[in-house]
Amino acid sequence: MRLITMPIIALFLLTRALFAQELTVQQVADHAYAIIGPTSQRSPENLGNNATFGLIVTNDGAVLIDPGGSFKGAQALHEAIKTVTDQPVKAVINSGGQDHRWLGNGYWHDQGATIYASDAAVADQKDRVSQQLTGLSTLIGTDALAGTDPYYADTTFDAEMTLEIGDVTLFLTHGAAHTPGDSTIWMPSESVMFTGDLVYIDRILGVGPQSSSLDWVASFDVMAAQNPAHIVPGHGRPADLARATADTYDYLTN
């Protein structure tokens, strides 16, 4: 029995360790959390969740900042969320047009959540959906991508939007950066800023053909004017404004 049982236990512990490496939940403030994925490339193991996501728990449901990079990636995020709260996710905000910012929407729509995004994000998503799905099929594989059908936001906004969920008020502000449709989500009650891909921590910025360095700097300035105490970035660990400035703003301007 010991010869059979020990390998099973070891495999179970290894599986838990691998899962923990892929998504780590960190509390940032009383009701705000970061769900931190790896800073490495998309892979079958991370299901396209190679990013940092945000979670806000209100007295009337949870708000998820970015849905995951695939249908199965969204399922993995849901399992991480369940370690924090049993509240249903009522709202999902797409902070931009990158794949892990929206391709998990379909899962959350099926769960009854309302999806929010800027008009520019939805336009970018539609422009690049074929390219993103093709890239994901190569990077994470068709098995991991199974069930991922594009689903766009139920409610969109142009420049700004105020969103009230339960006892929490959020301010959504569009500002092009890594993608044309990037937005920040400001939670003033706890001085938490969810930046999406406006801020990168712990890794080099992803500057691509869809990016605008000049707009990125201007959008960062708008975000920084709120002087947030806590920043949940699009990639990497939560940080303060000084660290976000050093890792992102200074890279763009120096």
Side-chain angles (χ1 to χ4, degrees), residues 24 26-29 32-42 49-56 63 65-66 69 93-102 116-121 123-125 128 157-163 170-254:
T24 302
Q26 180 177 332
Q27 188 167 11
V28 176
Y33 300 81
I35 304 176
I36 308 162
T39 54
S40 55
Q41 182 57 279
R42 299 155 183 81
N49 288 344
N50 64 326
T52 297
F53 309 87
L55 177 68
I56 300 164
V63 180
I65 314 300
D66 297 318
I93 302 170
N94 296 171
S95 71
Q98 203 66 2
D99 47 9
H100 35 234
R101 307 298 170 201
W102 76 280
Y116 299 86
S118 70
D119 294 326
D124 182 39
Q125 292 162 8
R128 295 196 290 141
F157 64 96
D158 179 15
E160 297 179 340
M161 179 180 180
T162 301
L163 179 62
L170 302 173
F171 297 94
L172 286 57
T173 302
H174 167 247
H178 175 60
T179 73
D182 285 347
S183 295
T184 58
I185 298 89
W186 172 229
M187 183 183 180
S189 61
E190 297 186 6
S191 195
V192 179
M193 183 73 76
F194 299 87
T195 68
D197 286 332
L198 177 66
V199 174
Y200 282 57
I201 303 290
D202 298 324
R203 56 155 287 187
I204 195 169
L205 275 61
V207 181
Q210 79 286 344
S211 306
S212 169
S213 296
L214 290 176
D215 288 336
W216 202 327
V217 170
S219 297
F220 191 102
D221 285 336
V222 171
M223 179 277 295
Q226 298 293 340
N227 194 30
H230 314 283
I231 287 179
V232 177
H235 294 270
R237 296 165 293 177
D240 58 16
L241 183 58
R243 177 66 186 274
T245 300
D247 281 20
T248 295
Y249 189 86
D250 290 351
Y251 178 88
L252 291 166
T253 57
N254 291 333

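- Using modelled atom types, no side-chain atom of D66 and backbone atom of G196 make a donor-acceptor pair closer than 3.5 Å.
- In terms of modelled atom types and a separation under 3.5 Å, the side chain of Q125 and the main chain of G96 share a donor-acceptor contact.
- The two residues S191 and N227 make their nearest non-hydrogen contact at OG-O, 4.0 Å.
- A 4.5 Å side-chain heavy-atom check between W216 and L198 finds at least one atom pair inside the cut-off.
- Note that CG of N49 is 10.5 Å distant from CZ of R42, once rounded to the nearest 0.5 Å.
- H174 and D158 are not linked by any side-chain donor-acceptor pair at a separation below 3.5 angstrom, with hydrogens and angles left out of the test.
- L205 contributes atom CG, which lies 4.5 Å from atom OG1 of T248 (distance to the nearest 0.5 angstrom).
- In this structure, Q98 CD and D124 CG are separated by 8.0 Å, a value rounded to the nearest 0.5 Å.
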Evaluate the criterion side-chain contact (heavy atoms from CB on, under 4.5 Å) for residue pair M223 and I231; output intermediate values, then yes/no. CA-CA 10 Å; M223 179 277 295; I231 287 179; 4.2 Å; yes

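- Taking every heavy atom of both residues into account, H178 and S211 meet most closely at O-OG, 2.8 Å.
- In this structure, the side chains of R101 and T179 stay at 4.5 Å or more apart for every pair of heavy atoms.
- Here the straight-line distance linking atom OG1 of T162 with atom CG of L170 works out to 9.0 Å at 0.5 Å rounding.
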Between I93 and F194, is the side-chain contact (heavy atoms from CB on, under 4.5 Å) condition met? List the steps. CA-CA 10 Å; I93 302 170; F194 299 87; over 6 Å; no

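- Remark: the H235 side chain and the D197 side chain contain an N/O donor-acceptor pair separated by less than 3.5 Å.
- Looking at Y200, Y251, Y249 one by one, the single match for ring pair (Phe, Tyr, Trp, His ring centres under 6.0 Å) with F220 turns out to be Y249.
- Nearest heavy atoms, A34 versus V232: CB-CG1, 3.9 Å.
- Remark: side-chain polar atoms of D182 are not paired, donor with acceptor, to backbone N or O of G175 under 3.5 angstrom.
- By the 4.5 Å heavy-atom criterion applied to side chains, I65 and F53 are not counted as neighbours.
- Here CZ of F157 is found 9.5 Å from CG of L163. Values are rounded to the nearest 0.5 Å.
- Interatomic distance, L241 CG to Q226 CD, rounded to the nearest 0.5 Å: 11.0 Å.
- Looking only at distances, a side-chain donor or acceptor of D202 sits under 3.5 Å from a matching main-chain atom of R237.
- With a 6.0 Å radius and a threshold of 12 heavy atoms from other residues, nucleotides or ligands, R243 has its CZ atom above the threshold.
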